[in-house]
2 protein chains.
Amino acid sequence: MSSDSDRECPLDGDPHQQEMVPSKKSAVLVDGVVLNGPTTDAKAGEKFVEEACRLIMEEVVLKATDVSEKVCEWRPPEQLKQLLDLDMRNTGEPHHRLLELCRDVIRYSVKTNHPRFFNQLYAGLDYYSLVARFMTEALNPSVYTYEVSPVFLLVEEAVLKKMIEFIGWKEGDGIFNPGGSVSNMYAMNLARYKYCPDIKEKGLSGLPRLILFTSAEGAAPFLVCATSGTTVLGAFDPLDEIADICERHGLWLHVDASWGGSALMSRKHRKLLRGIHRADSVAWNPHKMLMAGIQCCALLVKDKSDLLKKCYSAKASYLFQQDKFYDVSYDTGDKSIQCSRRPDAFKFWMTWKALGTLGLEERVNRALALSRYLVEEIKKREGFKLLLEPEYANICFWYIPPSLREMEEGPEFWEKLNVVAPTIKERMMKKGSLMLGYQPHRGKVNFFRQVVISPQVSREDMDFLLDEIDLLGRDM
Amino acid sequence: MSSDSDRECPLDGDPHQQEMVPSKKSAVLVDGVVLNGPTTDAKAGEKFVEEACRLIMEEVVLKATDVSEKVCEWRPPEQLKQLLDLDMRNTGEPHHRLLELCRDVIRYSVKTNHPRFFNQLYAGLDYYSLVARFMTEALNPSVYTYEVSPVFLLVEEAVLKKMIEFIGWKEGDGIFNPGGSVSNMYAMNLARYKYCPDIKEKGLSGLPRLILFTSAEGAAPFLVCATSGTTVLGAFDPLDEIADICERHGLWLHVDASWGGSALMSRKHRKLLRGIHRADSVAWNPHKMLMAGIQCCALLVKDKSDLLKKCYSAKASYLFQQDKFYDVSYDTGDKSIQCSRRPDAFKFWMTWKALGTLGLEERVNRALALSRYLVEEIKKREGFKLLLEPEYANICFWYIPPSLREMEEGPEFWEKLNVVAPTIKERMMKKGSLMLGYQPHRGKVNFFRQVVISPQVSREDMDFLLDEIDLLGRDM
C-alpha cells in the first residue's frame with residue numbers, strides 16, 4: 001500500500017473542524033505545522049462535555065430507576081448498522097451531530113442499570129461508584145507508580161487490606177485486574193512460580209509436566225482451584241474439606257470467588273465460604289454483587305514474600321527507577337502483567353465510604369432475601385419448576401407452558417421444553433420488558449437463570465418477572 | 001476467624017445512611033429484610049451525581065488547559081495517607097463529606113491532562129473520548145454478546161476494520177485488550193496456536209521447546225516480535241527487512257506498535273512503519289498518541305480463519321448459546337481471555353467521528369513537529385545535550401549543569417551527571433511546575449525523556465520545559 005493511497009479524498013474537507021488553527025502571525029512553523037499556542041478550542045470542548053453530561057444524566061442516570069422505560073430497544077445487527085452512523089470519515093462531525101450520535105448510542109444500548117435487567121452477574125446503578133468512575137475518566141490515571149498515581153495507589157492498598165481482612169488472613173498482598181479470568185490466570189502463575197521459582201530463567205520447557213489436580217501418571221500436582229459461586233448455578237465448593245487435602249499434599253489452593261466473594265460482607269451469609277481463610281489466593285469481583293462497575297476485580301494473595309513481584313517483575317527502567325526521591329515500594333505496577341492499569345479499586349472504595357460496611361452487608365442480605373422470595377413464588381406458581389434449591393442469588397428454573405403441563409417428562413417433553421426459554425427470551429427482548437439469561441447445563445435443557453443484585457430491585461420486580469414470563473409463554 | 005468477630009462494633013451506626021428503608025406497613029419480610037420497593041434514594045443519588053459532575057467539570061476539565069495550575073500537589077506516601085481519609089468504616093459518610101473526599105482525591109492526583117505533563121506515553125484532554133468514557137461508565141456495558149452490547153460491538157467492529165485498513169491489510173480480525181502487554185501475549189498465543197493447533201488438547205508439555213528467535217539448539221522458532229516505537233527511545237525496527245526473513249522461514253511476525261502505530265494516521269510519518277502490512281499481528285494503542293484515554297489497545301490479526309476464537313474459545317453456555325434468535329457471529333466475546341470486557345473501541349470511535357481522519361493526522365503531525373522544534377532548541381542551548389536524533393516523539397536528552405560543563409567526559413562526569421535528572425525531577429515535582437520522565441538506558445546514565453502528545457501543548461511549553469529544567473538545575 002502506498003502511504004498516500006489509502007484515503008479516497010485526502011483533501012476533501014477541513015482538518016480543523018474541531019481544533020483551532022493558531023494565527024499565522026509571528027508563527028513558528030515546523031514541517032508546515034504552526035506550533036504557537038494550543039490547538040484545542042477549550043471553550044467549545046468544555047461546552048460539548050457539559051451538554052453531553054446533561055444528556056447522560058437525563059437519558060441514563062434519571063431513567064435508570066424507571067421501570068416504565070424499556071430495558072432494551074432491540075434491533076438486529078444489520079438493521080442497527082443502518083440506524084447508526086458508524087463510518088469514520090476524513091472530516092469530523094460538528095458537536096450537534098455528535099450529540100445526536102450519543103443519543104443514538106444510548107437509545108440502542110441495553111440499559112444494564114434498569115431494575116429489570118437480570119441478564120448477567122452485574123446490574124443496577126450505584127451512584128457512588130458512578131461518581132468514582134467519572135472522576136477516573138476525567139483524571140485519566142494509570143496505576144503503576146506513586147509519582148503518577150499517588151491517591152489511587154493508596155486507595156488500592158487500603159481496599160486490598162480491607163478485602164484481605166474479610167477473607168480472614170492476617171496479612172497478604174493483591175492487585176486489581178481486568179477480570180476474574182485474569183485473576184485466575186495470575187493465581188496459576190503464582191502457584192507455578194512458587195513450585196518452580198526458576199521458571200523465569202529455565203522457561204516452560206524446564207518444568208516437569210504440571211497438572212491442576214492430583215493424578216497417578218507421574219505429573220506434578222501444584223494447584224487446586226475451588227469455586228465460591230459458580231456462574232450458572234451459584235454453587236459453592238466445601239472449602240474446608242478441600243483445604244484439608246491441599247494442606248496434606250502441599251498444594252496451592254486458589255478460590256475463584258469472583259461471584260460469591262461478596263457474601264463475605266454479610267455476617268449471615270459468609271458461612272457459604274467457610275474455610276476461605278485457608279486459601280492461598282482468592283479472586284473476588286466487587287463489580288458483581290457489590291456494584292462497583294465493570295471492571296473491579298481483585299486477586300488477593302496470602303503469601304507475603306512479594307510473590308507477585310517476583311513472578312511478574314520486569315523492572316522497566318523508565319517506570320521503576322530505584323533512585324527516586326520517595327519510598328519506591330509504593331510503585332506497585334511491577335506486580336502486574338499490564339503496564340497501564342486502571343484504578344478500579346477506587347470505585348469500590350467510594351461505594352464503601354458511602355454505604356459503610358453495614359450498607360454493603362445490607363445489599364448482600366437483601367439480594368439473597370429477594371432470591372429466597374422468588375424461589376418461594378416459583379414453588380407456589382403453576383407452570384414454574386425450580387431446577388434446584390439455590391445456595392446464592394442465581395435462581396434457575398423452567399417455565400412450562402400450559403400445552404406441556406400434562407405431558408409425561410420423556411424425551412419429547414424435554415425437547416419441547418428446550419425451545420421454551422429461547423423463544424420467551426426473544427419475545428421479551430423484542431418487547432423490551434425485561435432481560436434474563438437462559439442456558440442448558442449438564443444435561444438439563446434450556447432453563448432460565450435469574451440473578452438478583454441491585455438495591456433498585458424489589459419484590460414487585462420479582463412478581464413482574466414471573467407474570468411476564470407467563471404472559472409471553474402461555475401460548476406455547 | 002468466626003464469621004461475626006471481624007467487625008469491631010457491628011451495630012454501631014445506621015446501615016441505612018444512604019439507602020432508604022421501605023415502609024414496614026404491608027411489608028413483605030424475608031430473613032428480616034423488607035422486600036417492598038427499591039431501597040435506593042434515587043433523588044438524593046441523582047443530586048449527588050450532579051454535584052460531583054459539577055466538581056469534576058470545575059476542578060478537572062476546566063483547569064486542564066490552564067498552565068498556571070500545578071501539574072501535581074506532591075505529598076510523600078505517609079503524609080498523603082494522613083491527609084486523605086482512606087479508612088472504610090462500618091457506617092457510611094454523608095454526601096457533603098463524600099464530595100469533600102472527591103475534592104481531595106482530585107487535589108492530590110497528578111493532572112495527567114495538564115499541558116505540562118510529559119511523564120508518560122499519554123497526556124492531555126480529549127473532549128470527545130472523555131464524553132465517550134462518561135457514557136461507557138453510565139451505561140456499564142460488558143462487550144461479549146450482541147444481546148447486551150449491540151452498539152458497542154458494532155462500534156468495535158467498525159473501528160477494527162478501519163485500523164486494519166490503515167495497517168494495509170485487505171481483511172483481518174482483532175480485539176481490544178486491557179493494555180499492549182496483553183495484546184502482545186495474545187499474539188504469542190496465536191502464533192503458538194497456529195504452529196501447534198492441538199495445544200488445547202495436548203497442553204504445553206505436548207509441545208516441542210518453542211523459542212521466539214531462531215537458534216541452532218534444536219528448538220522450534222515460531223515468532224519474531226518487532227517494535228514500532230520503543231518506549232524509551234521511540235525507535236522503529238525495519239519491518240520490511242524483518243518480514244523478508246519471516247517469510248523465508250515461515251515465522252509469525254508480530255509488530256508491537258503500541259506506541260508507534262499512531263504514525264499510521266499520518267501520510268507524512270507512516271513511512272516509519274513501512275512494511276507493517278506484512279505483519280501477521282499488530283498491537284496498537286490509540287490511548288497513547290491518539291488520546292483515546294486509558295485504556296484503548298487493539299490487537300489486530302491478519303488471519304481470517306477465526307484464529308482468535310479457535311485459540312481462546314471456551315464456549316460458555318450461559319453467554320454463547322447457539323440457539324439465539326439473532327446472528328451469533330456478533331457475539332465476539334469468545335475471542336477473548338476475559339469474560340467482562342470494556343467497550344474501549346468506543347472512545348477512539350468518538351474522537352475519530354469528531355476530528356475525522358484528517359484531524360487525527362493533524363495531531364500526529366503536530367506532535368512530531370513540536371518534537372522537531374524541541375530537538376532544535378536543545379541543540380541551540382548551552383547545557384543541553386541530545387542523547388540521539390529521535391525518530392518519533394520521544395526526545396531523550398541530558399541537562400548538564402554549569403559545574404559539569406567544563407569537566408572531561410570521564411567516569412566522574414558520568415557519575416555526577418547520573419544524579420542530575422533525579423534531583424531535578426524531585427524539584428519539579430515538589431514545585432509542581434511540570435513532569436517528565438528520566439531513566440538510565442543501555443549504559444547511558446540517567447537522562448530525561450520528553451514525550452510530546454497533546455494538542456493542548458505548544459512551542460511555548462517546549463520553551464518553558466527547557467527554561468524550567470535550567471532554572472531547577474543550574475545550582476547543581
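Within every chain, numbering begins at 1; the chains are lettered A, B, ... in the order of the sequence lines, protein sequences first and strands thereafter. What you see below is based on every heavy atom in this structure, not just the backbone, and it leaves out hydrogens, waters and symmetry mates.
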Once rounded to the nearest 0.5 Å, what's the spacing between atom [atom1] of [X] and atom [atom2] of [Y]?
| X | Y | atom1 | atom2 | result |
| --- | --- | --- | --- | --- |
| Glu93(A) | Leu355(B) | CD | CG | 11.0 Å |
| Phe48(A) | Leu130(B) | CZ | CG | 9.5 Å |
| Leu80(A) | Tyr326(B) | CG | OH | 12.5 Å |
| Thr136(B) | Glu137(A) | OG1 | CD | 7.0 Å |
| Leu35(A) | Tyr373(B) | CG | OH | 8.0 Å |
| Arg75(A) | Leu154(B) | CZ | CG | 13.0 Å |

Strictly distance-based, threshold 3.5 Å: is any side-chain N or O of [X] a donor or acceptor partner for the main-chain N or O of [Y]?
| X | Y | answer |
| --- | --- | --- |
| Lys353(B) | Asp85(A) | yes |
| Gln338(A) | Ser181(B) | no |
| Arg366(B) | Val33(A) | no |
| Asn140(B) | Ile294(A) | yes |
| Thr357(B) | Arg89(A) | yes |
| Gln321(A) | Tyr438(B) | yes |
| Lys162(B) | Met88(A) | yes |
| Glu460(A) | Asn36(B) | no |

Under 4.5 Å, counting heavy-atom pairs only, tell me which of [options] racks up the most with chain A.
| options | value |
| --- | --- |
| Glu426(B), Arg274(B), Met57(B), Gln120(B) | Glu426(B) |
| Gln439(B), Glu78(B), Arg133(B) | Arg133(B) |
| His441(B), Glu376(B), Arg459(B) | Arg459(B) |

Contact class of [X] relative to chain A, heavy atoms under 4.5 angstrom:
| X | value |
| --- | --- |
| Glu50(B) | both |
| Thr231(B) | side chain |
| Val60(B) | side chain |
| Pro178(B) | both |

Search all heavy atoms of [X] against all heavy atoms of [Y] and return the closest pair with its distance.
| X | Y | result |
| --- | --- | --- |
| Val131(A) | Cys102(B) | CG1-SG, 4.0 Å |
| Ser317(A) | Pro440(B) | OG-O, 3.3 Å |
| Ser109(A) | Phe152(B) | OG-CE1, 3.6 Å |

Go through it in stages, so that I can follow the logic: the residues are His95(B) and Tyr128(A), the test is ring-ring contact (aromatic ring centres under 6.0 Å, His included), and I'd like the CA-CA distance, side-chain angles, deciding distance and then a yes or no. CA-CA 10 Å; His95(B) 286 175; Tyr128(A) 312 106; 5.6 Å; yes

Contact leader toward chain B among [options], where contacts are heavy-atom pairs under 4.5 Å:
| options | result |
| --- | --- |
| Ile337(A), Leu368(A), Val232(A), Val49(A) | Val49(A) |
| Ser142(A), Ser149(A), Pro422(A), Ala52(A) | Ser142(A) |
| Asp327(A), Asn285(A), Leu101(A) | Leu101(A) |
| Val61(A), Asp87(A), Leu125(A) | Asp87(A) |
| Gly437(A), Pro141(A), Gly179(A), Cys339(A) | Pro141(A) |
| Val28(A), Asn418(A), Val457(A) | Val28(A) |

Side chain, backbone, both or neither: which part of [X] has a non-hydrogen atom closer than 4.5 Å to chain B?
| X | answer |
| --- | --- |
| Ser340(A) | both |
| Tyr330(A) | side chain |
| Cys72(A) | neither |
| Leu153(A) | neither |
| Pro77(A) | both |
| Thr65(A) | side chain |
| Met435(A) | side chain |
| Leu62(A) | both |
| Met135(A) | both |
| Val159(A) | both |

Mind telling me whether Tyr146(B) and Trp74(A) have parallel, tilted or perpendicular rings, with 30° and 60° as the class edges? perpendicular

Going by side-chain hydrogen bond (donor to acceptor under 3.5 Å, both in side chains), name the residues that satisfy it together with Gln295(B), two or more places apart in sequence or in a different chain. none

Taking side-chain hydrogen bond (donor to acceptor under 3.5 Å, both in side chains) as the test, write out the residues that go with Lys425(A), two or more places apart. Asn119(A), Glu147(B)

Show your working on salt bridge (charged side-chain N to carboxylate O under 4.0 Å, His left out) between Glu157(B) and Lys81(A) and close with a plain yes or no. CA-CA 11 Å; Glu157(B) 183 190 60; Lys81(A) 280 188 200 175; 3.1 Å; yes

Taking the side chain as C-beta and beyond, is there a heavy-atom pair between [X] and [Y] under 4.5 Å?
| X | Y | value |
| --- | --- | --- |
| Phe325(B) | Met429(A) | yes |
| Leu370(A) | Val30(B) | no |
| Tyr108(A) | Pro150(B) | no |

Passes side-chain contact (heavy atoms from CB on, under 4.5 Å), Leu86(B) versus Val155(A)? Steps please. CA-CA 7 Å; Leu86(B) 290 169; Val155(A) 165; 3.6 Å; yes

So Trp349(B) and Val105(A), side-chain contact (heavy atoms from CB on, under 4.5 Å) or not? Walk me through it. CA-CA 12 Å; Trp349(B) 178 79; Val105(A) 166; 4.3 Å; yes

Going through the checks in order, is the side-chain hydrogen bond (donor to acceptor under 3.5 Å, both in side chains) test met by Asp31(A) and Asn365(B)? CA-CA 8 Å; Asp31(A) 288 344; Asn365(B) 287 348; over 6 Å; no

Passing candidate, side-chain contact (heavy atoms from CB on, under 4.5 Å) with Leu139(A), options Asn113(B), Ile106(B), Thr112(B): Ile106(B)

